[in-house]
Amino acid sequence: QVHLAESGGGLVQSGGSLRLSCAASESTFPNYAMGWFRQAPGKEREFVAAISWLGKRTSYSDSVKGRFIISRDNAKNTLYLQMTSLKPEDTAVYSCAASQRGATPNSSPLYEYWGQGTQVTVSS
């Protein structure tokens, strides 16, 4: 069992930046690929980014590629998402998730554990 807790969300103006964090409570964190997903009101959950166990491989959705960076610090059991050039359409609840099914899974059914999510709101 992996317990995940996101932080760092908030309200930011269009063009601004935020860094999300996802803290894992277990030392087995390095054994999992990690991902970020988001869900806007009335929309389905959407893949944002994923990172492999050691952080050597990453994957991004086309909508965030070049603006967001996913990273991890296995010594701190923490996952990050650095978001820049934010747009109003990035507004959503962002959740982190852990997977042992692939290096950089980009589909939510491939993830076994989920955090509660943190709200990101981008004003125009």
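Just so you know, these numbers come straight off a predicted model, no measurement behind them.
- Using a 4.5 Å cut-off on side-chain heavy atoms (C-beta onward), Trp53 and Pro30 make no contact.
- For residues 27-43, the pairs satisfying salt bridge (Lys or Arg N to Asp or Glu O under 4.0 Å) are Arg38-Glu46, Arg38-Asp90, with sequence neighbours left out.
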> side chain to side chain contact (heavy atoms under 4.5 Å, CB included) between Ser95 and Glu6: does it pass, once the steps are laid out?
Replying inline: CA-CA 7 Å; Ser95 299; Glu6 302 92 340; 3.7 Å; yes

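- Thr118 contributes a side-chain N or O that, together with a main-chain N or O of Gly9, makes up a donor-acceptor pair within less than 3.5 Å.
- Ser99 places a side-chain N or O within 3.5 Å of a backbone atom of Leu110 that can act as its donor or acceptor partner.
- Among residue pairs with one or both ends in residues 19-29, none qualify as side-chain hydrogen bond (donor to acceptor under 3.5 Å, both in side chains); sequence neighbours excluded.
- Met34 belongs to a hydrophobic cluster with Val2, Leu4, Val12, Leu18, Leu20, Phe29, Tyr32, Trp36, Val48, Ile51, Tyr60, Val64, Phe68, Ile69, Ile70, Leu79, Leu81, Met83, Leu86, Tyr94, Tyr113, Val120, Val122, counting contacts under 4.5 Å between side-chain heavy atoms of Ile, Leu, Val, Met, Phe, Trp and Tyr, direct or through other members.
- Put simply, the side chain of Thr91 never gets that close to the backbone of Thr121: no donor and acceptor are under 3.5 Å apart.
- For the atom pair CZ of Arg45 and OG of Ser108, the computed distance is 5.5 Å after rounding to the nearest 0.5 Å.
- Sorted by first and then second residue, the side-chain hydrogen bond (donor to acceptor under 3.5 Å, both in side chains) pairs with a member in residues 70-86 read Arg72-Asn74; sequence neighbours excluded.
- Taking each heavy atom of Gly102 and Ala33 in turn, the nearest pair found is O-CB, 3.5 Å.
- Taking each heavy atom of Ser14 and Pro88 in turn, the nearest pair found is OG-CD, 3.8 Å.
- Among residue pairs with one or both ends in residues 104-124, those qualifying as salt bridge (Lys or Arg N to Asp or Glu O under 4.0 Å) are Arg101-Glu112; sequence neighbours excluded.
- Residues in residues 20-124 take part in these disulfide (SG to SG under 2.5 Å) pairs, two or more places apart or across chains: Cys22-Cys96.
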